[in-house]
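Structure record follows, encoded as structure tokens.
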Amino acid sequence: MRLSRYFLPILREAPREAEIVSHRLMLRAGMLRQEAAGIYAFLPLGLRVLRKIETIVREEQGRSGAIELLMPTIQSADLWRESGRYDAYGKEMLRIKDRHERDMLYGPTNEEMITEIFRAYVRSYKDLPLNLYHIQWKFRDEVRPRFGVMRGREFLMKDAYSFDLDEAGARHSYNKMFVAYLRTFARLGLKSIPMRAETGPIGGNLSHEFIILASTGESEVFCHKDYLDMAVPGADVNFDDVAGLQGIVDQWTSQYAATSDMHDPAAWELVPADKRVSARGIEVGHIFYFGTKYSAPMKAVVAGPDGKEVPIHGGSYGIGPTRLVAAIIEASHDDAGIVWPQQVAPYKVALLNLKQGDSACDAACGELYRDLGAKGVEVLYDDRDDRPGAKFATADLIGIPYQVMVGPRGLAEGKVEVKKRADGSKELMSPAAALDLLSK
RNA sequence: CGGGGCAUAGCGCAGUCUGGUAGCGCGUCUGGUUUGGGACCAGAAGGUCGCAGGUUCGAAUCCUGCUGCCCCGACCA
């Protein structure tokens, strides 16, 4: 993409309302536009990051055996009356009426709807286990939205729902998601730590929050230092291996880890002092087992091997892609701007023409731009008629992993300079070598 | 929902106390000189001062009501 033809409204100064660093940087980098309290438009650069996150989430959901569908944002109130949550959910739920005065709502979650879909088609234990998920916008009318997309009212959520014949099966489904989450966050460039969690209004009795550590995190967390170096399961993990998966989960729940609301000072004292990590954290995922909480009232039942109908055991599993955009920035930035992990970066390479209009620079850039593109490398080519300093500042701000600087000084030697955004290291090399390095 | 604050050009702000018809920086546009870490000169465009009433000869400024947004707290992916 040529920057001169792109839509990247960067700001030199952050709007006053933005307080935390990810919100400020998202606004400054032209990723995000606030439309109302807690409601945002994703601008092109922000959308690219969001899509990359979604892709990784999808791949790992798929790997674990979950199947994607797509449910609507608007739901009928009747469904929620069936589960009893229409009255229980409170003002967080945005309630609306259609032209026929029917009660509708903008879904804050989809347990009821997925249960309705499930019960309409699934009748036999032979069709289990089943895990269905979607990635869809949710609306929760938070009393106080804040921190940009970190706590918005409208937000994108991946929510998966598992269906099993019994608790043991549900436990395995839970473990699959547990492992999928470990892999997902690792692939997003984050160190996530599963922490025992309260189950909240969703209900149930087995639940973990996946927390990433960030100095600007919203909650206080306590965990054993060993979590920071624990090995994340590889892509070859066998999700059908019940005992193997349980082993991974056991390992990842073997040490102390708790958010402040679940903190147990007595147990914390048992952690060796040099192993105690007390920090701030951001919740990026949450998984629940809730048994028959929805299946019983909503009559989602299957016939078991003995012919008797039993309500299924369910679980739900959430990840917030929009929040993750901010969480990744919180975990990865410096004074100059965002430092994207390569897997989620909106572009891999920023190609900076340091002297637009100079025939040698224009030619070298044009060639690199074309060749990188031909190799499938995502390049943002800064071909604006601007000072080098401004281009450096923009590239640093938007956090593209590699900057290729093409200027008269280097070209005189037949070289371009490649800078890694993450550590600031720079290396002079021929355009051919740069092409080779960057298309790996 | 309790407490606090803010609303003036795309962004950051001054002007409000003490009423006289709106200004600065950045950005934008034109021309020129520039070009390896946010250039310089000259010129220009851009604002119903959040909205509605009121007081006054006159309101960004004073009064009343409303709306929006932000921060702290309680609650939450």
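Computed from a predicted model, the values in this text were never measured in an experiment. Sequence lines set the chain letters: A, B, ... in the order given, protein chains first and strands last, and positions in each chain run from 1.
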| Does A:R323 make a cation-pi contact with A:F155 (under 6.0 Å, within 45 degrees of the axis)? | no
| task | For nucleotides B:A9 and B:G27, find the distance between their C1' atoms and express it as a whole number of Å. | result | 11 Å
| Any donor-acceptor pair under 3.5 Å from A:K158 side chain to A:Y133 backbone | no
| task | In whole angstrom, give the distance that lies between atom CG of A:L397 and atom C1' of B:G37. | result | 14 Å
| task | Tell whether A:D386 reaches the base of B:G38 with its side chain through a donor-acceptor pair below 3.5 angstrom. | result | no
| task | Would you indicate, yes or no, if B:G38 has its OP1 or OP2 atom less than 4.0 angstrom from a side-chain nitrogen or oxygen of A:R12? | result | no
| message | Distance check, P atoms only: B:A44 and B:C63, in whole angstrom units. | response | 38 Å
| query | So what does A:D358 hit on the nucleic acid, given a heavy-atom distance under 4.0 Å: a base, only sugar-phosphate, or nothing? | reply | nothing
| query | Whole Å only: how far is the CD atom of A:E111 from the C1' atom of B:A77? | reply | 12 Å
| request: Considering only atom C1', compute the distance from B:C13 to B:A22 and round it to an integer number of Å. | output: 14 Å
| note | Comparing A:E92 with A:R384, nearest RNA chain B nucleotide closer to 5' gives the residue A:R384
| field | Options B:G38, B:C11, B:C71, nucleotide nearest the side-chain atoms of A:L11 | value | B:C11
| task | Select base, sugar-phosphate, or nothing to describe what A:G407 touches, counting heavy atoms under 4.0 Å on all strands. | result | base
| task | Please work out if A:G320 contacts a base, only the sugar-phosphate, or nothing of the nucleic acid, heavy-atom cut-off 4.0 Å. | result | nothing
| Do the side chain of A:R146 and the base of B:G73 come within less than 3.5 angstrom through a donor-acceptor pair of N or O atoms? | no
| task | May I have the step-by-step check of ring pair (Phe, Tyr, Trp, His ring centres under 6.0 Å) for A:F210 and A:F178, ending in yes or no? | result | CA-CA 9 Å; A:F210 286 74; A:F178 189 107; 5.3 Å; yes
| query | Is the number of heavy atoms from other residues, nucleotides or ligands within 6.0 Å of NZ (A:K225) greater than 12? | reply | no
| Any A:R16 side-chain N or O less than 4.0 Å from OP1/OP2 of B:C13 | yes
| query | In whole Å, what separates the C1' atom of B:A14 from that of B:C26? | reply | 15 Å
| note | In Watson-Crick or G-U wobble terms, with both distances under 3.5 Å, the base opposite B:G43 is B:C29
| field | Spacing between A:I39 atom CD1 and B:G68 atom P, to the nearest angstrom | value | 12 Å
| task | Using whole Å, report how far CD of A:E209 lies from P of B:C75. | result | 13 Å
| task | Could you tell me whether A:G30 contacts a base, only the sugar-phosphate backbone, or nothing, with contacts defined as non-hydrogen atoms closer than 4.0 Å? | result | nothing
| request: Using a heavy-atom cut-off of under 4.0 Å over every strand shown, decide if A:Q34 touches base, sugar-phosphate, or nothing. | output: sugar-phosphate
| note | With the side chain defined as heavy atoms from C-beta on, A:P15 is closest, among B:C75, B:C11, B:C69, to B:C11
| said: What contact category does A:A14 fall into here, base, sugar-phosphate, or nothing, at under 4.0 angstrom with non-hydrogen atoms? | reply: sugar-phosphate
| field | Separation between the C1' atoms of B:G68 and B:A77, rounded to whole Å | value | 26 Å
| field | Donor-acceptor under 3.5 Å (A:Q34 side chain, A:A36 main chain) | value | yes
| said: With rounding to the closest Å, how many angstrom separate the P atoms on B:U16 and B:C6? | reply: 14 Å
| Any A:R387 side-chain nitrogen or oxygen under 4.0 Å from OP1 or OP2 of B:A39 | yes
| For A:G357, which contact category applies under a 4.0 Å heavy-atom criterion: base, sugar-phosphate, or nothing? | nothing
| message | Please check if the number of heavy atoms outside A:R95 that lie under 6.0 Å from its CZ is greater than 12. | response | yes
| Taking atom P of B:C11 as reference, at what distance in whole Å does atom CG of A:L32 sit? | 14 Å
| query | Out of B:C70, B:C75, B:G38, which has the shortest distance to the side chain of A:E17? | reply | B:C70
| request: Return the nucleotide paired to B:G53: Watson-Crick means purine N1 to pyrimidine N3 with N6-O4 or O6-N4, wobble means G-U with N1-O2 and O6-N3, both under 3.5 Å. | output: B:C63
| said: Stacking between B:A77 and A:F155, yes or no? Criterion: centroid separation under 5.5 angstrom, plane angle under 30 degrees. | reply: yes
| remark: Side-chain atoms of A:E19 come closest, of B:A77, B:C71, B:G37, to B:C71
| request: Mind checking A:T394 for me? I need base, sugar-phosphate or nothing, with any heavy atom below 4.0 Å counting as a touch. | output: base
| said: Here's a test of your reading of the structure: between A:Q356 and A:H23, which maps to the more 5' nucleotide of RNA chain B? | reply: A:Q356
| message | Taking atom types as they are modelled, would you say the side chain of A:E13 forms a donor-acceptor pair with the base of B:G10 within the 3.5 Å cutoff? | response | no
| query | What is the distance, rounded to the nearest whole Å, between atom CZ of A:R33 and atom P of B:C69? | reply | 13 Å
| said: Would the distance check show the side chain of A:R183 and the main-chain N or O of A:V232 forming a donor-acceptor pair, the cut-off being under 3.5 Å? | reply: no
| query | Quick check: does any side chain N or O of A:R280 sit under 3.5 Å from a backbone N or O of A:E218, one acting as donor and the other as acceptor? | reply | yes
| said: Roughly how many Å apart are B:C62 and B:C17, using the C1' atom of each and rounding to a whole number? | reply: 11 Å
| Looking across every strand, which nucleic acid part, if any, lies under 4.0 Å from A:R28 by heavy atom: base, sugar-phosphate, or nothing? | base
| Below 4.0 angstrom from OP1 or OP2 of B:A77, is there any side-chain N or O of A:K138? | no
| request: For nucleotides B:A45 and B:A7, find the distance between their C1' atoms and express it as a whole number of Å. | output: 25 Å
| request: Using both distances under 3.5 Å as the test, list the Watson-Crick or G-U wobble partner of B:G73, or none. | output: B:C1
| request: Look at all strands and tell whether A:K158 reaches a base, only sugar-phosphate, or nothing, counting heavy atoms closer than 4.0 Å. | output: nothing
